[in-house]
Structure formats: structure tokens, C-alpha cells
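Residue numbering restarts at 1 for every chain, and letters A, B, ... go by the order of the sequence lines. The basis for the numbers below is simple: all heavy atoms, side chains too, and nothing from hydrogens, waters or symmetry mates.
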Protein chains: 2
Amino acid sequence: MTDGRSRRREDTRQRLFVAAVELIAERGFSATTVDDIAARAGVAKGTVYYNFESKTALFEELLRHGIGLLTADFRAAVDGLPPREALAALVRAELEYIRRYRAFAQLLLSEMWRTNREWQQTLRLLRGEAIEVIAESVRAGVASGDLPADLDVGTASSALFGVGLVVAVDWLVFQPDRPIEDVQEALLGIVRRVAQT
Amino acid sequence: MTDGRSRRREDTRQRLFVAAVELIAERGFSATTVDDIAARAGVAKGTVYYNFESKTALFEELLRHGIGLLTADFRAAVDGLPPREALAALVRAELEYIRRYRAFAQLLLSEMWRTNREWQQTLRLLRGEAIEVIAESVRAGVASGDLPADLDVGTASSALFGVGLVVAVDWLVFQPDRPIEDVQEALLGIVRRVAQT
DNA sequence: GTTTTTATACTGACTGGTCAGTTTAGAAAG
DNA sequence: CTTTCTAAACTGACCAGTCAGTATAAAAAC
């Protein structure tokens, strides 16, 4: 199944993803040209269109791929943990992810709350999947009494997700010298306080 | 001083601001055309260039105008208040602002953490001015012992600013039916807890 | 007060360039 | 002998910015 041909192809697609994510994080989708993406990936323009339907399709697959990884990390992080520990693990996982896929996180932050774009629907769905993992832990915690009973599951989950994203990206952009541990500690401290019953 | 001519011109500029902010919030800067802006403002394309140097210049002035209003609101909100009350007042002011200038808030969220764009410098400066108002209250609170001594002023201030923006815009985009008071209460509750000495 | 002049505000067709996407003939990899 | 990629030319839509000309309000001249 994974013969040399499809591995090679997967490699090319990966290089295109990396090139696209970096450029789009910097300049935004519309300001990034297909020629730029191809050049940075070290590939001919035709190859982009051999591997993807269109520029938009490339971007949508990129979103699917990136958020898919994040969701998987979230699932792995909470696996088997009780609610309060699960929340701490989620914060750690999110920051770790953002540190590793910095450009993708920046791109997400820029596109997440935009309306009226073609991929809006896709993004909304994917966001829902990632947040649902958080929501499961919050829901369990509220049910078991480990978390405040008056906590609104939906709001708390999306707030946790969004706050991690902003604080981490803000740190990456405006105070890149500061060690990530500081940010993680600050965020964990906040979550711990808010989670107090 | 305010003769018919300059009043008319100011009117046109205002209409262009409103049109531009709505379109850019939806589609982003690059995907918004000058023709679109002119059409929505109900003026000819040439008028845009009569009133502004370029598309980018229009956007930069828009940023200045919008963040200027926010900073002024912040100053008015904290005026004379002791630190802890000042923080609550800032949260209220920020949410009130976002409710009123919804599109601008969305635009800010999308463009704030982008790198390598022409207006990046301007935006960074303006962000600094707004956050400095928050920082003054935090600093005073830490000094007087009203706020935890180990609170990092810079991080806390920018986190407060960013969190308000994200939570509010997330609410506007994904749960528009929910009354703003809920969001305000939730946010105030969090800030109160975090601010505990 | 009516006419002429001037300054300011605005118009919209036009231009030069850019960019997504296509096409082609062929090379390289498997 | 098929799949994947290359290189380069090409098309057509779209778009930022320009410019010659028009409209209008106020000031100047009569």
C-alpha cells in the first residue's frame, strides 16, 4: 500500500503544506500566491495543481490536517485522566502544539473568527471537533462535582481553547524571548483558580 | 471652522471607514477590493483616492481611529478608580466597545498577531498604547498590595486585553443569541478570581 | 442680489500589472 | 509502462491606482 510512489507523493504534499502554512500565516490567504507556495516548497507550479484541486482546496486540506493533529494530541493528553488533571493536561498539550506548529497556530488565530469565507464551514466544523474533546472533560468534571456546578460547558470549553491560543500566540509574537514554561505556568495557575469549586 | 465643505468631506471619510471595516472584518484586507469599499460607501472609486493616499493608508488610519476610541474608553473607565475596581471597569469597557464596534473588534482579532505586513508597526504601537492604560492599573495594584505581588505586569495586561477580545468575539461569532451580560459576568468572575491576593 | 471666479470634492473610464489556473511536451522515479 | 513531477508559455479575469473632466459651495466682483 505505501509503495515508493505514494510515499513520494505524500512527501510533496507535506512540503506544500509546510510552505503554504508559513506564507499564509505571515501574509494571509489572499496575499499568498500559488507561485510563492510552489517556489518555497521547491516544486513546479504544475505540481501544486497535480496534487490539489485548487488553492482553496489546498488550504482546506491544510486546515483539516493541522486541526486533526491538534485533536489527536488533545485526545492523547486526556486519556484516562480525571477531570481536573485532564484540564491541566489539555493546556499543556495546546501550548506544546502551538510551540511546535507556530505558524499554523498563528494562521488559526487569524482565520478562526472570520466570517463569509469559503472555508468558514470547514473551519467551524473542525473547531467543534477539537473543542468537543475539551468539553468531554469539562462535562465529566461538572457531573462528578470536581468542577463548579454553575460552569457552562460550551462557553468554558471554547474559552479555554481560545485563551490558550491567544496567550500563546501573543507570547510568540510579542515576547519571544520569554520561556514557554512561564506562559504555561501562568495559564495553569489561572485555570486552576477558575476551576476551584 | 466647520464649513459645509469640510463637514461633507469628514462625512465621506466616515462612510469609507464604516464600509472598509465591515468588508475587511469579513474577508480580510487583501480580499477586500477598493471598488467594494467605494460601492458600499456609495461613492466613486476616485473618491477613495481623493481622501486617502492608498488602500493601505486608509486601513492604517482606520486602525488609528478605532484603537484611539478604545484607548479613550479605557482611560475614561479607570478614571480615579482603585486598582481592583479599575480592572473590572476595564473589562466592562472592553466588552461594551466590542459590542458597539463589532466589526472592528473582529478585524483586530484577525490582524493583531499577523507578522510581516506593512501596517504591523503601526498596529504594534497602537496595541501598546491601549495596553499601557491597563498596565497602569495593574502596576498600581501590585504596588499597593491589592493584586498578587508575583503578577507580571506586562503579561497580565496583554493577557487581559487579549482574553477579552477572544472571548467576546467568539461569543459574537459562535453564540450570538447569548446575552452579553453572561459573557461579562463570566469574564468578571475569572478576573476577580485571578486577581485574588 | 446677481454674476463671475475659485477652491474643493467627487466621478468613472482607463491602464498596467498581477495572479489563479491551463496546457504542453517531456523527464525522472518507481 | 505508469505515476509523478518539471519547465515554460499562455489566458483571461481582476484590481490598485490614475487622470481628465464635472459638480458645487462659497467668496469676489459688480
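- In this structure, the side chain of Ser54(A) engages the main chain of Ala57(A) through a donor-acceptor pair within 3.5 Å.
- When heavy atoms are screened at a 4.0 angstrom cut-off, Val43(A) is found touching the sugar-phosphate backbone but no base atom.
- Take the nearest nucleotide of DNA chain C for Gly46(B) and for Tyr50(B): the residue whose nucleotide is more 5' is Tyr50(B).
- Put simply, the side chain of Phe59(A) reaches to within 4.5 Å of the side chain of Glu111(A), judged on heavy atoms.
- With contacts defined as side-chain heavy-atom distances shorter than 4.5 Å, the pair Val43(B)/Ile37(B) does not qualify.
- Atom CD in Glu10(A) sits about 15 Å away from atom C1' in dC5(D), given to the nearest Å.
- When rounded to the nearest whole Å, the span between CZ of Arg7(B) and P of dA9(C) equals 13 Å.
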Using nucleotides 15-17 of chain D, report all nitrogen or oxygen pairs with the protein that are shorter than 3.5 Å.
residue: dA16(D); atom: OP1; partner: Lys55(B); partner atom: NZ; Å: 3.3
residue: dA16(D); atom: OP2; partner: Val34(B); partner atom: N; Å: 2.9
residue: dA16(D); atom: N7; partner: Lys45(B); partner atom: NZ; Å: 2.6
residue: dG17(D); atom: OP2; partner: Tyr49(B); partner atom: OH; Å: 3.1
residue: dG17(D); atom: OP2; partner: Lys55(B); partner atom: N; Å: 3.2
residue: dG17(D); atom: N7; partner: Lys45(B); partner atom: NZ; Å: 3.1
residue: dG17(D); atom: O6; partner: Lys45(B); partner atom: NZ; Å: 3.0

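- Side-chain contact between Val34(A) and Tyr49(A): present, with at least one pair of heavy atoms (C-beta onward) separated by less than 4.5 Å.
- A donor atom on one side chain and an acceptor atom on the other are found under 3.5 Å apart for Glu60(A) and Thr122(A).
- Side-chain nitrogen and oxygen atoms of Thr47(A) include none within less than 4.0 Å of the OP1 or OP2 phosphate oxygen of dT4(D).
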For residues 11-33 of chain A, which side-chain N or O atoms pair as donor and acceptor with protein atoms under 3.5 Å away, sequence neighbours left out?
residue: Thr12(A); atom: OG1; partner: Arg8(A); partner atom: O; Å: 3.2
residue: Arg13(A); atom: NH1; partner: Asn51(A); partner atom: O; Å: 3.2
residue: Arg13(A); atom: NH2; partner: Glu61(A); partner atom: OE1; Å: 2.5
residue: Arg15(A); atom: NE; partner: Ala41(A); partner atom: O; Å: 3.1
residue: Arg15(A); atom: NH2; partner: Ala41(A); partner atom: O; Å: 3.4
residue: Glu22(A); atom: OE1; partner: Arg40(A); partner atom: NH1; Å: 2.6
residue: Arg27(A); atom: NH2; partner: Asp36(A); partner atom: OD2; Å: 3.1
residue: Ser30(A); atom: OG; partner: Arg117(A); partner atom: NH1; Å: 3.4
residue: Thr32(A); atom: OG1; partner: Leu23(A); partner atom: O; Å: 3.4
residue: Thr32(A); atom: OG1; partner: Gly28(A); partner atom: O; Å: 2.8
residue: Thr33(A); atom: OG1; partner: Asp36(A); partner atom: N; Å: 3.0
residue: Thr33(A); atom: OG1; partner: Asp36(A); partner atom: OD1; Å: 3.4
residue: Thr33(A); atom: OG1; partner: Asp36(A); partner atom: OD2; Å: 3.1

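- Summarising the geometry, the separation between CG on Asp11(A) and C1' on dT3(D) is reported as 15 Å, rounded to the nearest angstrom.
- Taking atom CZ of Arg13(A) as the reference point, atom P of dT3(D) lies 17 Å away to the nearest angstrom.
- Distance, Arg9(B) CZ to dA25(D) P: 17 Å, rounded to whole Å.
- For Asn51(B) and dC10(C), the shortest distance from a side-chain N or O to OP1 or OP2 is below 4.0 Å.
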